[in-house]
Amino acid sequence: MAVKQSSAEKRHKQSEVRRLRNKSAKSSVHTSTRKYIEAVHAKDAALAAERLKALVKELDTVAGKGIISKNSASRKKSRMMKLYNTSFNTAAN
């Protein structure tokens with residue numbers, strides 16, 4: 001007869017799977033942010049706009065899944081858009 005798995009063991013396995021998934025998502029956001037900032041510092045407006053759009057989508061996705069809070073995602077988006085506007089809008093320069 002099979003031995004029943006304890007609920008603590010199952011919960012530990014589930015939390016480990018979730019931890020790795022969340023870690024991967026956060027790492028992806030950090031990578032997208034770094035690539036966006038590199039494009040801004042390279043003064044490439046078209047590439048920066050493309051990467052900003054991808055970063056915003058990724059932040060919304062991660063926030064929607066509860067990996068980071070919605071306020072945290074909103075704050076990061078705001079800061080990245082501010083960086084773009086101060087770097088590429090002629091009215092701001």
Side-chain angles (χ1 to χ4, degrees):
M1 179 155 163
V3 177
K4 224 176 179 181
Q5 189 176 29
S6 77
S7 60
E9 289 172 349
K10 181 178 179 183
R11 178 54 82 187
H12 179 67
K13 279 185 180 179
Q14 288 175 332
S15 66
E16 186 65 17
V17 168
R18 289 187 182 109
R19 183 185 70 82
L20 292 173
R21 188 180 305 132
N22 292 347
K23 182 179 176 184
S24 173
K26 285 182 185 179
S27 176
S28 180
V29 168
H30 289 303
T31 302
S32 294
T33 303
R34 182 181 50 80
K35 286 182 178 182
Y36 165 69
I37 291 173
E38 286 174 358
V40 170
H41 289 312
K43 303 287 188 208
D44 189 349
L47 181 61
E50 178 184 319
R51 289 191 175 162
L52 176 61
K53 186 177 177 183
L55 175 60
V56 166
K57 181 177 181 181
E58 197 160 357
L59 283 168
D60 286 337
T61 302
V62 171
K65 292 180 179 180
I67 296 170
I68 62 173
S69 73
K70 292 194 186 280
N71 285 349
S72 178
S74 180
R75 182 179 65 247
K76 291 173 194 291
K77 288 191 296 187
S78 175
R79 288 177 180 171
M80 293 302 122
M81 288 181 187
K82 183 177 178 183
L83 176 64
Y84 182 85
N85 289 334
T86 56
S87 299
F88 298 114
N89 285 351
T90 55
N93 290 336

Interatomic spacing from CG in Leu83 to CE in Met81 - rounded to 0.5 Å = 12.0 Å

Looking only at heavy atoms, which two atoms of Ala73 and Ala63 are closest? And how far apart?
-> CB-CB, 3.7 Å

Just by distance, do the side chain of Thr61 and the backbone of Lys57 share a donor-acceptor pair under 3.5 Å?
-> yes

Taking Ser27 for its side chain and Lys23 for its backbone only, find out whether a donor-acceptor pair lies under 3.5 Å.
-> no

Would you find a donor on one side and an acceptor on the other, under 3.5 Å apart, between the side chain of Ser78 and the backbone of Ser74?
-> no

Is any side-chain heavy atom of Arg21 closer than 4.5 Å to a side-chain heavy atom of Ile67?
-> no

Side chains of Ser72 and Arg75 in contact at under 4.5 Å (non-hydrogen atoms) | yes

Kindly compute the distance separating NZ (Lys65) from CG (Asn22), expressed to the nearest 0.5 Å.
-> 9.5 Å

Is there a path from Phe88 to Tyr36 through hydrophobic residues (I, L, V, M, F, W, Y) whose side chains come within less than 4.5 Å of each other?
-> yes

Working to the nearest 0.5 Å, report the span between CE of Met80 and CG of Leu52.
-> 9.0 Å

Does some side-chain heavy atom of Ile68 sit less than 4.5 Å from a side-chain heavy atom of Leu59?
-> yes

Looking at Ser32 and Glu58, what are the two nearest heavy atoms and their distance?
-> OG-OE1, 2.6 Å

When rounded to the nearest 0.5 angstrom, what distance separates CZ in Arg51 from CG in Asp44?
-> 8.5 Å

Test Arg34 against Glu38 for salt bridge (Lys or Arg N to Asp or Glu O under 4.0 Å), laying out the working first.
-> CA-CA 6 Å; Arg34 182 181 50 80; Glu38 286 174 358; 3.1 Å; yes

Distance, nearest 0.5 Å, that separates NZ of Lys76 from NE2 of His30 | 6.0 Å

Would you say Lys35 has more than 12 foreign heavy atoms packed within less than 6.0 Å of its NZ?
-> no

Lys77 side chain reached by Asp60 side chain, heavy atoms, under 4.5 Å = yes

When you look at Glu16 and Arg19, which way does the salt bridge (Lys or Arg N to Asp or Glu O under 4.0 Å) test go after all the steps?
-> CA-CA 5 Å; Glu16 186 65 17; Arg19 183 185 70 82; 2.7 Å; yes

Cluster check Tyr84, Leu55: I/L/V/M/F/W/Y, side chain < 4.5 angstrom | yes

